[in-house]
Amino acid sequence: MKPPMPDTRPADSPSLFPSHVRVVDVLLPVAVGSAYSYRVPEGIEVAVGDIVVVPLGTRHMLGCVWPRTEDPRESPKPVDPARLKPIQRKYDVAPLRPAMIAFIRWIADYTVTPPGMVLRLALRHDESAGIARERTGVRLTERRPERRTSARERVIAALLDGFVRSKSDAAREAGVSPSVVDGLVDDGVLETVVLPPEPAAEAPDPDHSRPELLPAQAEAATRLVAAVKARAFQPFLIDGVTGSGKTETYFEAVAEAIRQGRQTLILMPEIALTQAFLDRFARRFGVRPAEWHSAVSTKRRGRVFKGVASGEVRVVAGARSALFLPFADLGLILVDEEHDNAYKQEDGVHYHARDMAVVRARLEAATVALVSATPSIETEVNARRGRYTRLALPERFAGTKVPRLEPIDLRREGPPRGQWIAPRLAQEMERTIEAGGQALLFLNRRGYAPLTLCRACGHRIKCPSCSSWLVEHRFRRRLECHQCGYATPVPTECPNCHEPNSLIPCGPGVERLHEEAAKLMPEARLQVLSSDLAGGVERLRAELKAIEDGEVDIIIGTQLVAKGHNFPGLALVGVIDADVGLGHGDPRAAERTFQLLHQVAGRAGRHEMEGRAFLQTYMPEHPVMQALVAGDRDAFYDREIGVREEAHLPPFARFAALIVSGTDPHAAQAHARALAACSPFTGEVRVLGPAEAPLALVRGRHRYRLLARSARLFDLSAYVRAWMAGAPRATGNLRVEIDIDPQSFL
DNA sequence: AGATAGACATAT
DNA sequence: TATGTCTATCTA
């Protein structure tokens, strides 16, 4: 830190040098529209981007010295100089660079969120966390103890090499408790040494172990490497079938960024950030990347945050929040599984991390690559229009093909009532297991049965707080609401007509499927995999290991099995109900179903083994099923893009919804209607049902949704801002949130 | 965001 | 009339 400026004014004539009140604007991480002005006290020098501690009301908080703009919304109103409060101190962290400030502004503008809320995402770390505490190590001296015990001897033996170790390491290596080490320090046998702080992440080695690449991979890698070398914004789509080595390919670009001394951000859906991925990275680069997601400890976050800001951390693998890390020199961003919905932030600042990654890359003059086997419609359109350069990886590594999905028409060859596995699928499973392969039954429904019905009066048991069906979880003997988490013991009589023993479970969940499969194949070893597996992450990890080791014949899984995990012995996939998820009126239902089922099918058959996949459906003629069966991805995209065009929704702008919420339902609805009445909104106003939006009635807040049907969504944020500015004062308690997937940033 | 002052509702 | 609960407003 710079020394304070010496005061050069003559002591006897201060009035000759009118002391200028130095004022700067500081953006605070709170939901206020503009930055606030603060006085800079003598002895403190601040520049734009600096992080400072300032008083606000009764508290002190971090803020960022913010540049002035012409934009009146962001500029502070002039304040009586006497009312200005002084900056308390500078905060010891790297200042936000201009690209980061531009990024924050861009997102705030696009998402119609106060910039302070976006800044909050960038400053989210614990103040004390980043300060690496001093670590002490121990080293052997010439002295030997008077009292000799076997524990002491072991410590001395372990430290005979003369190297310094931390106390805990020394104790662990010698197999003794730390108090033995302390005792030796007291006796002067060991001396303590101050250790340098542990690095936030070790430096990855771009040449640690370079893999053999297939021709298509090598070609794609070359183009990515060239882009990284060029140090200019360039967006790519890495479009490769499951098992085509997308990761190995983009690792080459990571290697180049490391060689260039620039940083890399690998974004992944949180669930995909597994040990397996980190290990894979370590095999290629010798060390693991720095991790950034909700499960990382506060202390570790602080260190990573500082390491990223200083440039010491070269590669970060993180969930969407990693997008707001203060990279010193970001050269490459990878968005793995770019189609994944987890990239959407649904509360606070509504942003789509995939799109914001492209924005950030542009502002940082970095290369960005979106990676997927089933790109989102938007990304596909951007690739087709040439805004993203497509790098196609059409072949699988081992030369096997992604299996075609074979349809099983449930109307013609379905199972008997009360069962869900078609005879043909059962046969194929038996054959597969006899041949030593594994089978996966995919059903995206947790629990035993999605509906409990009264045989006597027809009553369907619903959640008292959000009116969606309660799902029976037989293992836990409860009825659970999958929307809001409400749970109650399974009743013995109908809550409506009080008829005893009249309740019957309707429809299948994975637990019920497990029951059926066990009956069909009593010898087979079964395992259910779902996110609510008893025993949590530990158990899940253990079960995945067991599956990998071939200790399971039939896996019965929900969505969980479609993502990330590798099942090397999997030879057959059976989709129990391909129609789940279609026809809910969700405009993205077709896309999601296609992506999910394509990914699930892709799990079958790798490592020189051809796999097979079956699709049980009541509507084999549905375009999604047809595309899946034909293995024709392009046909699917052609159709989906066409559908959106017909609805006058530019495919790359996706759907837009405005959520107007307020505490007074009448006022909120009136405002929603007023907004809807104005161009460009022609959509209807709907009260959000709880099933549609579990958060709809949080704390008595009423929400209304507008669907915008406009070809010019580009103006959406400006439009809403203008509307809000002109809205009557009573709208102060109304929040307008835009829920869109912005695509107009190129 | 978080503190606080005001607006109702309810206990004392 | 004190006390609790919920909301709207303000922070420089």
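Residue numbering restarts at 1 for every chain, and letters A, B, ... go by the order of the sequence lines. Every value quoted in this text rests on a predicted model; they were computed, and no experiment measured them. Below, all heavy atoms of this structure are taken into account, side chains as well, without hydrogens, waters or symmetry copies.
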Quiz prompt | Distance in angstrom units between A/R59 CZ and C/dC10 C1', rounded | solution = 11 Å

Quiz item: How would you label the contact of A/V26 with the nucleic acid (heavy atoms, under 4.0 Å): base, sugar-phosphate, or nothing?
Solution: nothing

Quiz prompt | Nucleotide C/dC10, atom C1' - distance to NZ of A/K77 in whole Å | solution = 12 Å

Quiz item: Among the nucleotides B/dA1, B/dA3, C/dA12, which one has an atom lying closest to any side-chain atom of A/A31?
Solution: B/dA1

Quiz item: Rounding to a whole Å, what distance do you find between A/R120:CZ and B/dG2:P?
Solution: 8 Å

Quiz item: What nucleic acid atoms does A/S37 come within less than 4.0 Å of, heavy atoms only: base, sugar-phosphate, or nothing?
Solution: base

Exercise. Can you tell me the distance, in whole Å, between the CG atom of A/L56 and the P atom of B/dA3?
Key: 11 Å

Practice problem: Round to the nearest Å and state the distance from A/Y36 atom OH to C/dT11 atom P. | Solution: 6 Å

Exercise. Send over the distance from A/Q88 CD to C/dT11 P, rounded to a whole Å.
Key: 20 Å

Exercise. May I ask you to decide if the ring planes of A/W292 and A/F305 are parallel, tilted or perpendicular, using 30° and 60° as cut-offs?
Key: tilted

Exercise. Would you mind classifying the nucleic acid contact of A/L84 as base, sugar-phosphate or nothing, using non-hydrogen atoms under 4.0 angstrom?
Key: sugar-phosphate

Quiz item: Counting only Watson-Crick or G-U wobble pairs whose two distances fall under 3.5 Å, which nucleotide matches C/dT11?
Solution: B/dA1

Quiz item: Are any of the side-chain nitrogens in A/D340 or A/R354 under 4.0 Å away from the carboxylate oxygens of its partner?
Solution: no

Exercise. State whether the distance check finds a donor on one side and an acceptor on the other, under 3.5 Å, for side chain A/R39 versus base C/dA12.
Key: no

Practice problem: Mind checking A/M61 for me? I need base, sugar-phosphate or nothing, with any heavy atom below 4.0 Å counting as a touch. | Solution: nothing

Quiz item: Given A/L330, which of A/M100, A/E364, A/R262 fulfils the side chain to side chain contact (heavy atoms under 4.5 Å, CB included) condition?
Solution: A/E364

Practice problem: Send over the distance from A/L62 CG to B/dA1 P, rounded to a whole Å. | Solution: 16 Å

Quiz item: In whole angstroms, how far is the C1' atom of B/dA3 from the CG atom of A/L28?
Solution: 15 Å

Practice problem: Answer with yes or no whether the side chains of A/H293 and A/E291 bring together a donor and an acceptor at under 3.5 Å. | Solution: yes

Quiz prompt | Nucleotide nearest A/T58 (side chain, heavy atoms from C-beta), chosen from C/dT11, C/dA12, B/dT4 | solution = B/dT4

Self-check item: Distance under 6.0 Å and angle within 45° of ring axis: A/R360 vs A/F103
Solution: yes

